[in-house]
Novice: 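Structure below; questions to follow.
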Amino acid sequence: MTLNITLLTRTRIFQSSDFRLSANGNLVSSSTMKLITLHYYTFSGFISYTGIAKRDVNSAVDTGGLIVDWLQGRDDIAFHEAVEIVRAKASEYVTEIAKQTGVRHKLTLIAAAFHNDNPTVAVVSNFESIDGREDSTVSSELRTSWSSLRPGRTPRVIVTGCKKAVPLRDRKRLEDLALAAGEDSARIRVAIEDLNRDAARRPGWTQLISENCTVVSLDSSGNGSQDIPRTSRVVARSLINGQDMESLLRAAGLDAGVVAGATFATNKTTTRRPAQCKKTVIDIAESGFTVLEIEHKIDGDCQAFGIDSVGLVFGASSLPDDRTMRRYWIWDATNGKKELDYWSSDTGGAISENGQIALLNMIKPWENAPVLISGTSERLLEVPHGMGEPEITAINSDGVVAGAISITLDRTAANRVRPAVWDVDGSIRILDRLCGAENGRVVSISDRVALVWANQGLWGRVTIIWDLITDEVKQLPGSIIPLHVDSQGRIIGIASAHGGQQFPIVSLDHETWASLPPKAGFEPTAANSNLVVGGRVKMDGYYFPWFAQPGSMPQILSTFEYHSHGVRAINGNGLIIGQASTDREHHILLWKPPTA
């Protein structure tokens, strides 16, 4: 028996599920996703479970996988129909196990969705009900109890499974936060994660509840977010109109993979508009950096690709009337933001230290053309016949552009992506010698070499140095994620500690790696040619931005309160570009050091 926490507010539903499976008090797994998001024509919601983990310890499929199977292929059902299907199937499941073992085990399924514009929860169980009551005997048939939050009612917390691990005072604090935080769903998800972690640490519950959990939030339109800790190494589960997304991705040759979260959206409008964030700036480490917002999108997105040596920022933002399309822009402190006459639904770009720009411009639906912009001149970059899906990741000061290209137009070919560079005349060079890897892309480029990240199998990583003068390739040691190469050939990489927490490392000789001062958990996401590294670290449920000078400990930057942050690029003068995000709002931020 593990823990599920459900919170109903007038505008959103929240649900958590931990990752632990145990048998007879012994740990079976701490990385099992027991929550499935549901997206149908008539409703969006989620379902999770607590109780029976598997038919038996050696079974390859857990109860969550069976729930997916029970609903697989049912593409036009209502919420109450989905609940009844899993109730009937779960009753058969419990009966089958009882016949095999002679013991009738406990099982609870928790389903939630908006029904008639009201947040609604169904608890399907053979021993407990939605009002917190528990029967002294375990029934052979699962029963369903329902609850909706009617207009005018205050938020309500429903705990199933290990209910006693969450005291009433903690439930009340969560309900009070839901009233105070309003539409700040990210802040509420963090609080539920904290509640789950506190429950797991209480005496008597450690073996039953994992400290990490996933938390999903959903509004009345079907828009929502799911938080999954990076260190948990679990795969998200989702059914869309009766189709299992993990199976669909694998059938298409794509990796469903381990994720650190997800967002899901519909084209429906929510019945309630979210409150706008306050943009309150906090500086917990007294960094002395000033933070300047240079772009802001509500119900849209924006991204920064980089910053040049004098502070010119290059980015793209979604269009107000079409979130699938994004328009490129530049920004500087003198002229502010200037929109460029380039658009794409699949944006990608880079800016060099001397201000040259490379981007993907849409020339027809599903087809992007790579373009180099230098001053007032423009040059199309080559895409060979029979190839496509160009990616742009980096550009050097000579105007050599780097990224990747698919060597076939067959989108079901899993290993079609190859590292590529476009020379100053626009011609393309494609790397096929991947040192045993199957696909890859260039992630950084200097005046001489390209740094390649290649993939081998499901989890294998290969880091390659591609000499653009001699065309020689060299594999670097270790399973490292490459991040940055400078003009002297020094390489910043990303290593993983036990548990999956990342930290930066450096190679000066292409033979060995050395750790940098930031410890595990300080995830590097950007670096410059002075070996200044920046990234993000999770504290109190939010990602905080940090940077570190060579050989120095990391410093936390000033932030927007209750936002998650990331660092995108650092120029040679110490200007840092990045972003701050909530579920519905996205900001591009510029951090300026005290001496700038």
Side-chain angles (χ1 to χ4, degrees), residues 1-10 13-18 20 22 25 34-36 45-53 63-64 67 79-80 82-95 97-98 103-115 118-150 152-176 178 192 195-196 198-200 202-205 207-209 213 215-216:
M1 191 63 60
T2 52
L3 178 65
N4 300 103
I5 301 170
T6 306
L7 170 66
L8 303 181
T9 75
R10 281 303 303 155
I13 305 170
F14 299 81
Q15 192 169 109
S16 74
S17 179
D18 80 321
R20 177 149 297 174
S22 58
K34 295 181 286 185
L35 188 150
I36 304 103
F46 24 79
I47 185 168
S48 58
Y49 71 92
T50 180
I52 301 173
T63 301
I67 294 171
F79 178 50
H80 71 276
V83 171
E84 176 55 25
I85 289 168
V86 298
R87 187 205 66 79
K89 290 290 187 180
S91 294
E92 296 175 4
Y93 177 45
V94 170
T95 300
I97 294 175
V103 178
R104 189 176 296 140
H105 294 277
K106 295 179 178 181
L107 177 62
T108 297
L109 311 171
I110 310 95
F114 275 86
H115 178 67
N118 290 318
T120 302
V121 173
V123 170
V124 182
S125 179
N126 59 2
F127 76 98
E128 63 180 328
S129 62
I130 204 164
D131 59 7
R133 178 178 53 85
E134 288 193 16
D135 296 335
S136 56
T137 59
V138 180
S139 172
S140 60
E141 188 82 4
L142 275 73
R143 299 182 295 270
T144 305
S145 52
W146 295 84
S147 180
S148 289
L149 196 67
R150 303 295 181 182
R153 298 291 297 274
T154 57
R156 180 186 178 188
V157 173
I158 300 165
V159 181
T160 47
C162 299
K163 290 190 284 291
K164 293 181 180 179
V166 185
L168 291 176
R169 65 178 183 275
D170 288 351
R171 305 183 198 186
K172 181 62 167 61
R173 277 199 291 265
L174 180 58
E175 291 171 347
D176 291 344
I192 295 175
L195 209 62
N196 181 95
D198 291 344
R202 289 195 170 94
W205 304 105
Q207 296 302 316
L208 298 178
I209 307 170
C213 69
V215 185
V216 177

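None of these values were measured; they are calculated from a predicted model. Reckoned from all heavy atoms, side chains included, excluding hydrogens, waters and symmetry mates.
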Novice: Given side-chain contact (heavy atoms from CB on, under 4.5 Å), test Lys34 with Thr50 step by step and report yes or no.
Specialist: CA-CA 8 Å; Lys34 295 181 286 185; Thr50 180; 6.0 Å; no
Novice: Has Ser125 got a side-chain atom pairing as donor or acceptor with Val123's backbone, closer than 3.5 angstrom?
Specialist: no
Novice: Please step through side-chain contact (heavy atoms from CB on, under 4.5 Å) for the pair Glu141 and Arg87, ending with a clear verdict.
Specialist: CA-CA 9 Å; Glu141 188 82 4; Arg87 187 205 66 79; 2.9 Å; yes
Novice: Which pair of heavy atoms, one from Ile209 and one from Arg20, lies closest together, and at what distance?
Specialist: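 Residues Ile209 and Arg20, closest heavy atoms: O-NH1, 3.6 Å.
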Novice: Between Phe14 and Ile5, does the side-chain contact (heavy atoms from CB on, under 4.5 Å) criterion hold? Intermediate values first, please.
Specialist: CA-CA 8 Å; Phe14 299 81; Ile5 301 170; over 6 Å; no
Novice: Considering non-hydrogen atoms only, spot the tightest contact between Leu7 and Pro155 and give its length.
Specialist: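 Leu7 and Pro155 have their closest heavy atoms at CD1-CB, 4.2 Å.
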Novice: Going from OG1 on Thr6 to CD1 on Ile13, what distance comes out if it is rounded to the nearest 0.5 angstrom?
Specialist: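 That separation rounds to 9.0 Å.
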Novice: Below 4.0 angstrom, N of the basic side chain to O of the carboxylate: do Arg173 and Asp170 qualify?
Specialist: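 So Arg173 pairs with Asp170 through a salt bridge.
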Novice: Test side-chain contact (heavy atoms from CB on, under 4.5 Å) on Ile130 and Ile158; report intermediate values, then the result.
Specialist: CA-CA 7 Å; Ile130 204 164; Ile158 300 165; 3.9 Å; yes
Novice: Determine, step by step, whether Ser129 and Asp131 satisfy the side chain to side chain donor-acceptor pair (under 3.5 Å) criterion, reporting the C-alpha distance in whole Å, the side-chain angles of both residues, the deciding distance to 0.1 Å, and the verdict.
Specialist: CA-CA 5 Å; Ser129 62; Asp131 59 7; 2.4 Å; yes
Novice: To the nearest 0.5 Å, tell me how far Cys162 SG sits from Asn196 CG.
Specialist: 10.0 Å
Novice: Looking at side-chain heavy atoms only, is the closest gap between His105 and Val138 below 4.5 Å?
Specialist: no
Novice: Among Leu109, Ile110, Leu35, whose side chain to side chain contact (heavy atoms under 4.5 Å, CB included) with Asn4 holds?
Specialist: Ile110
Novice: Of all the heavy-atom pairs spanning Ser16 and Cys213, show the shortest one and how long it is.
Specialist: CB-SG, 4.4 Å
Novice: Does the side chain of Pro167 reach to within under 4.5 Å of the side chain of Arg202, using non-hydrogen atoms?
Specialist: yes
Novice: Salt bridge (charged side-chain N to carboxylate O under 4.0 Å, His left out) with Glu128: which of Lys163, Arg143, Lys106?
Specialist: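 Result for salt bridge (charged side-chain N to carboxylate O under 4.0 Å, His left out) with Glu128: Lys163.
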Novice: As an exercise, state the distance from OG of Ser91 to CG of Leu107, rounded to the nearest 0.5 Å.
Specialist: 8.5 Å
Novice: Heavy-atom distance under 4.5 Å between the side chains of Trp205 and Leu3, does that happen here?
Specialist: no
Novice: Between Ile52 and Thr63, what is the shortest heavy-atom contact and its length?
Specialist: O-OG1, 2.7 Å
Novice: How long is the gap from OG1 on Thr108 to OH on Tyr49, to the nearest 0.5 Å?
Specialist: 12.5 Å
Novice: Shortest non-hydrogen contact from Thr95 to Ser140?
Specialist: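 Nearest heavy atoms, Thr95 then Ser140: OG1-O, 3.8 Å.
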Novice: Check this for me, if you would: do Lys172 and Glu175 make a salt bridge, where the nitrogen-to-carboxylate-oxygen distance has to be below 4.0 angstrom?
Specialist: no
Novice: Ala112 and Gln15: which non-hydrogen atoms are nearest, and at how many Å?
Specialist: CB-NE2, 3.9 Å
Novice: Quick one: pull up CZ in Arg10 and CG in Asn118 and give me the separation to the nearest 0.5 Å.
Specialist: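 That separation rounds to 5.0 Å.
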